[in-house]
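Notes for the one structure printed next.
Just so it is clear, the structure is predicted and the values come from calculations on it, not from any experiment. FYI, the numbering just counts along the sequence from 1.
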Amino acid sequence: MTALLASLGGRLAERWLAVVVLPGVLYVCAVAAALELGHAHATDAARLRDALDRFAVSPVAQSNGALLLTAAAVGAGALAAGGAARCLGRLFSLLWTEDWGRLGAPLARRRKRRWTAATLRYEQALREKARILRGMRPPRPDGTAPDTAALAAARDRIALTEPRVATWMGDRMRSADARVRRAYDLDLATVWPCLWLTLSEEARIPLAEAQAVFSAAARSAGWGALYLVLGLWWWPAAPAGAAVVVVGWWRGREAVEHLARLVEHTVDLNTAALAEAVGHRLSGPFTPADGAAVTRILRKAG
């Protein structure tokens, strides 16, 4: 047990150092550079070097107590910046996945129109291809049939199911619920806590890792936002911050796609265990009727 606690403590310390302290110290250094250079001397490396040289020969650098206080101030600033980045990361995760209400309604309607148009093109191509294959109409002049796979992929890039919110990430998580409901008549929001309890530790690890990757992506976007704010005083911080936000957003998209697929596959593989856990006897493969019964049990609907 002592070895286990020591191992966990070491891992937590390493994670805290990598996630909070090092990015925070880097941000404090960037703030110091911004205060010294400003917009007027934004790229003047010689000026920054001279400032470091002056600090190295100053009385502060020769006093152990002053150096200790400076290190404490840098550490406190790093922790404050890390806390701000975490809060901003939480805000980004909400913006990426949650409903924006009235503010997001125009974007949601636009995405829905695009998805509806793409679905219509796909369905028309399916009908045309079926007629060609049945000999009801001649092939196209180039001798090919419509590329329904490409049209389906174009529709799915907008959303897998009819868009309901302003963002792709929000709709991707909602599409997992819609696809599970369509396949099994399970209300994912109702059954997921119970399903999670039935999973083994090994089965939970990929889900937890995918969630951690998404949280890290949102947190990196939070750091990018801090650098964007710093760009008000030192312009090189702004493009760097914008790049970090974009990379965080892209990583967040990939993490959400992976997480949504894991959620769907977890349901696929554990419906029988879920039914058994709530006392619903299966007479064969798990069917939508079984899903409706399990959902009703967990809702305490009688």
Polar side-chain atom of [X] near backbone of [Y] as donor-acceptor pair, under 3.5 Å:
| X | Y | result |
| --- | --- | --- |
| Arg181 | Leu188 | no |
| Trp115 | Pro163 | no |
| Arg90 | Ser215 | no |
| Thr190 | Thr295 | no |

Pairwise side-chain contact, [X] with [Y], heavy-atom cut-off 4.5 Å (strictly under):
| X | Y | result |
| --- | --- | --- |
| Trp235 | Leu37 | no |
| Leu259 | Met173 | yes |
| Asp177 | Asp187 | yes |

Pair [X] + [Y]: basic N to acidic O under 4.0 Å:
| X | Y | value |
| --- | --- | --- |
| Glu264 | Arg172 | yes |
| Arg164 | Asp171 | no |
| Glu257 | Arg261 | yes |
| Glu201 | Arg204 | yes |

(message) Using 30° and 60° as the class boundaries, would you call the ring planes of Tyr27 and Trp223 parallel, tilted or perpendicular?
(response) tilted
### Message
Test side chain to side chain donor-acceptor pair (under 3.5 Å) on Tyr184 and Asp290; report intermediate values, then the result.
### Response
CA-CA 8 Å; Tyr184 304 110; Asp290 296 314; over 6 Å; no
